[in-house]
There are 2 protein chains.
Amino acid sequence: MAERPFAAARARSPIPDATVARLPLYHRVLLGLADQGMATVSSDALAASAGVSPAKLRKDLSFLGSYGTRGVGYDVAHLLGQIGGELGISLEWPVVVVGVGHLGHALANYGGFATRGFRLAGLVDADSALVGSVVAGVTVQPLAELADIVRAENIAIGVIATPADAAQGVAELLIDAGVQSILNFAPVVLAVPDDVEVRKVDLASELQILAFHEQRKLSSPLMAPAVGDAL
Amino acid sequence: MAERPFAAARARSPIPDATVARLPLYHRVLLGLADQGMATVSSDALAASAGVSPAKLRKDLSFLGSYGTRGVGYDVAHLLGQIGGELGISLEWPVVVVGVGHLGHALANYGGFATRGFRLAGLVDADSALVGSVVAGVTVQPLAELADIVRAENIAIGVIATPADAAQGVAELLIDAGVQSILNFAPVVLAVPDDVEVRKVDLASELQILAFHEQRKLSSPLMAPAVGDAL
DNA sequence: TAATGTGAAGCTTTTCACAGCC
DNA sequence: GGCTGTGAAAAGCTTCACATTA
């Protein structure tokens with residue numbers, strides 16, 4: 001790897017996944033600094049605001065290019081533009097949310113949607129009692145319409161907020177309609193082709209990871225008594 | 001590493017973070033297999049269900065102990081018990097959710113709460129119009145009560161589902177009251193002491209990571225034309 | 001024979017530390 | 001003098017491949 005076959009037109013070297021996962025964070029923090037009127041920022045200051053180490057931040061940014069000025073720091077507006085460009089924020093990505101339960105409602109009403117380059121282009125639910133209602137300014141449509149919506153709106157990203165047992169079927173509908181990126185909130189492992197990217201968010205898993213660490217604290221020899229255990 | 005200094009009483013060697021993060025997944029998949037009446041399962045089959053490689057699964061489980069039988073596989077019930085034990089599922093962790101907007105509602109009504117070892121022990125909001133209302137069977141209490149609730153219910157895990165600008169203040173209230181584990185849904189970096197564990201879930205970041213990869217596809221030489229770009 | 005458990009190899013990510021530039 | 005950009009070292013994670021055991 002990293003052999004750079006023939007350096008085709010667009011072949012900037014690939015950005016590591018770990019770095020990509022932090023770009024939205026940097027972008028958000030920079031937005032805040034820009035709001036405060038800060039014109040330049042050092043890697044130390046930016047790293048502190050983002051909660052990462054300065055070395056990690058500099059390494060991450062170095063994969064995008066050399067956008068800093070030695071002895072000075074980074075130009076906030078310019079760096080915002082560069083990271084925004086990588087993230088495709090200049091475009092407006094149409095997104096469809098499938099499942100309009102409590103979570104679907106929350107997602108549809110999520111404020112950061114529009115400001116971060118996304119547009120709620122469709123809202124779909126299998127429950128006919130919900131179909132036709134308007135949520136966050138969008139009319140809920142039946143599941144049967146999903147494929148048409150995806151094609152009509154040129155949707156590239158689908159969000160699954162259904163119960164677990166409906167998620168795989170919805171994923172297949174999305175993929176058949178051409179969606180290649182899925183954000184899955186249902187607690188199931190989706191089976192998808194290799195060219196489809198799935199990211200998952202699982203509340204229960206996050207809580208259980210926290211509980212694991214809490215439990216370690218309880219059973220460690222250094223502390224335990226005071227706590228007294230729930231249940 | 002793996003040097004085992006003096007093997008003190010409780011000193012099982014530390015489980016890698018990457019492994020811990022997958023234990024909830026394994027636990028959930030095993031629950032499904034147990035439901036189907038499966039008594040034993042091979043690493044290949046379990047790995048396939050969990051969407052990980054068999055080698056990774058075996059390595060992960062080996063950190064917990066040697067719970068498999070060569071030539072046979074793993075006893076589903078026994079393995080469930082072991083992983084559940086690590087995750088503290090036998091206990092019932094009381095959790096407080098701060099912020100009862102759309103997302104807070106969704107979290108409060110989340111079904112997997114009880115079945116995975118958690119109990120919604122408190123619901124708090126700064127908006128006096130919400131205080132007193134009942135959500136998911138729990139009465140919403142004012143922010144001023146937060147510390148008392150944490151202490152009265154012996155809460156170890158706090159969930160922040162407030163707007164971004166309220167999150168840091170809520171985190172400080174939680175920490176002052178003794179909470180050491182926080183799940184943060186607000187799009188801000190929380191500043192917390194070293195002994196407090198924070199996990200964060202950020203919808204916008206997840207979407208932006210997907211958008212990054214979509215954008216790479218668009219600009220790759222192998223494909224681009226057909227799509228035709230939103231906006 | 002079948003499938004686990006695990007050293008060792010390979011890869012990715014993070015950290016270090018300093019040369020290079022403003 | 002100050003701060004970035006980056007090779008190199010260290011740490012962490014995944015995969016390999018096979019000895020081991022039921």
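What's counted below: heavy atoms across the whole structure, side chains too, no hydrogens, waters or symmetry copies.
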> Taking only residues two or more places apart in sequence or in another chain, which ones pass salt bridge (charged side-chain N to carboxylate O under 4.0 Å, His left out) with E206(B)?
Replying inline: R199(A)
> Does the salt bridge (charged side-chain N to carboxylate O under 4.0 Å, His left out) test come out yes or no for R216(A) and E86(B), once each step is laid out?
Replying inline: CA-CA 9 Å; R216(A) 286 264 151 156; E86(B) 289 291 345; 3.4 Å; yes
For [X] and [N], what is the distance between atoms [atom1] and [atom2] respectively, to the nearest whole Å?
X      : N       : atom1 : atom2 : value
D44(B) : dC16(D) : CG    : P     : 13 Å
L57(B) : dT6(C)  : CG    : P     : 14 Å
Y67(B) : dA22(D) : OH    : P     : 17 Å
D60(A) : dT6(D)  : CG    : P     : 13 Å
L61(B) : dT14(D) : CG    : C1'   : 15 Å
L64(A) : dT6(D)  : CG    : C1'   : 15 Å

> In residues 21-43 of chain B, which residues come under 4.0 Å of DNA chain C by heavy atom?
Replying inline: S42(B), S43(B)
>> When you measure from the side chain of E153(B) to the backbone of L120(B), do you find a donor-acceptor pair of N or O atoms at a distance under 3.5 Å?
In response: no
>> Using modelled atom types and a 3.5 Å cut-off, is there a donor and acceptor pairing between side-chain atoms of S42(B) and backbone atoms of A45(B)?
In response: yes
> So, is Y74(A) close to the dG5(D) phosphate, meaning a side-chain N or O under 4.0 Å from OP1 or OP2?
Replying inline: yes
> Taking protein heavy atoms under 4.0 Å as touching, what does nucleotides 15-22 of chain C look like 5' to 3' if B marks base contact, S marks sugar-phosphate-only contact and - marks none?
Replying inline: BBB-BBBB
> What pairs meet the side chain to side chain donor-acceptor pair (under 3.5 Å) rule with one or both residues in residues 48-65 of chain A, with sequence neighbours excluded?
Replying inline: T19(A)-D60(A), R22(A)-D60(A), Y26(A)-D60(A), S43(A)-R58(A)
>> Could you work out, with ring pair (Phe, Tyr, Trp, His ring centres under 6.0 Å) as the rule, every residue matching Y67(B), not counting sequence neighbours?
In response: H78(B)
> Shortest non-hydrogen contact from V179(B) to G158(B)?
Replying inline: CG1-N, 3.7 Å
> Is F63(B) touching bases, backbone alone, or none of the nucleic acid, heavy atoms closer than 4.0 Å?
Replying inline: nothing
> So what does P16(A) hit on the nucleic acid, given a heavy-atom distance under 4.0 Å: a base, only sugar-phosphate, or nothing?
Replying inline: sugar-phosphate
> To the nearest 0.5 Å, what is the distance between CG (L207(B)) and CD (E214(B))?
Replying inline: 11.5 Å
> With sequence neighbours left out, which residue pairs that include part of residues 26-36 of chain A fulfil the salt bridge (charged side-chain N to carboxylate O under 4.0 Å, His left out) condition?
Replying inline: R28(A)-D202(B)
